[in-house]
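Quick notes on the structure that follows.
The sequence lines fix the lettering, A, B, ..., with proteins before strands; numbering per chain opens at 1. Since this is a predicted model, take the numbers as computed values, not measurements.
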Amino acid sequence: AQKVTQAQTEISVVEKEDVTLDCVYETRDTTYYLFWYKQPPSGELVFLIRRNSFDEQNEISGRYSWNFQKSTSSFNFTITASQVVDSAVYFCAARGTNDYKLSFGAGTTVTVRA
Amino acid sequence: NAGVTQTPKFRVLKTGQSMTLLCAQDMNHEYMYWYRQDPGMGLRLIHYSVGEGTTAKGEVPDGYNVSRLKKQNFLLGLESAAPSQTSVYFCASLTGGVLNTEAFFGQGTRLTVV
């Protein structure tokens, strides 16, 4: 089974600041999948990104970027030039290819102030 | 394409009453999951299913039962509701196999047990 830790409970920033969310995972699987989800105040869970463990390329998509470091078991997520609409709870999740369970971290609440 | 649909969206139960939450997906996904979300605890896995006719326990299965008689439906039952089961419940589905995708979530069911 996977264990996902999001040490940051809450982050508050002023609009246009960058926000980095930390995620550390533990797994015994040699291959696994990592995810970030967003939960806005309306309550639904919105998929943001997925990363395979066998592809360590870090990418940027618009204002989102992520940094996957297998050596430190970290999968950090950055929002560049934050906006008020980015205010939400962000969840990191992991699933091993040999484990059907999808495990979530406790979530980080991001508040972006105008 | 409806994706994942949860029924009902809201429910208030009295202690000791029973109810069934329905999750339906139209994506032909193999895996289905039931989570509960409580403040500060993220999403915790209750039960999951890796295919029609199969179910398995997650992190917090006590007080709940599930069934997956049809591939597209995953039912979560509370036989005798308790106030500790007041929570927001999310259903998710995921395709299996090597070509993995993200999990798709329903809109959630807000359950209050009084």
Crowding at [atom1], [X] (>12 non-hydrogen neighbours, <6.0 Å):
{"X": "B/Gln107", "atom1": "CD", "value": "no"}
{"X": "B/Arg110", "atom1": "CZ", "value": "no"}
{"X": "A/Gln83", "atom1": "CD", "value": "yes"}

Applying a strict under-4.5 Å side-chain criterion to I, L, V, M, F, W and Y, I'd like to know whether [X] and [Y] cluster together.
{"X": "B/Val88", "Y": "B/Val60", "result": "no"}
{"X": "B/Tyr31", "Y": "B/Leu22", "result": "no"}
{"X": "B/Tyr89", "Y": "B/Leu75", "result": "no"}
{"X": "B/Phe90", "Y": "B/Met32", "result": "no"}

Beyond-backbone contact of [X] with [Y], side-chain heavy atoms, under 4.5 angstrom:
{"X": "A/Arg95", "Y": "B/Leu94", "answer": "yes"}
{"X": "A/Phe91", "Y": "B/Gln37", "answer": "yes"}
{"X": "B/Tyr35", "Y": "A/Phe104", "answer": "yes"}

Under 4.5 Å from any heavy atom of chain B, what part of A/Gln6 do you find: side chain, backbone, both or neither?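 No part of A/Gln6 comes within 4.5 Å of chain B.
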Select one option (side chain, backbone, both, neither) describing which atoms of B/Glu59 are under 4.5 Å from chain A's heavy atoms.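 No part of it gets close to chain A.
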If I measure from the heavy atoms of chain A, does B/Leu45 come under 4.5 Å with its side chain, its backbone, both, or neither?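 The answer is the side chain of B/Leu45.
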Could you report the tightest heavy-atom contact between B/Tyr33 and A/Leu102, atom names first, then the distance?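 Answer, listing the atom of B/Tyr33 first, then A/Leu102: CE2-N, 3.8 Å.
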Minimum heavy-atom distance A/Lys101-B/Lys57, with the two atoms named: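 Here A/Lys101 and B/Lys57 meet closest at CE-O, 4.3 Å.
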Is the distance between the ring centroids of B/Phe105 and A/Tyr37 under 6.0 Å?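 Distance test on ring centres: under 6.0 Å, yes.
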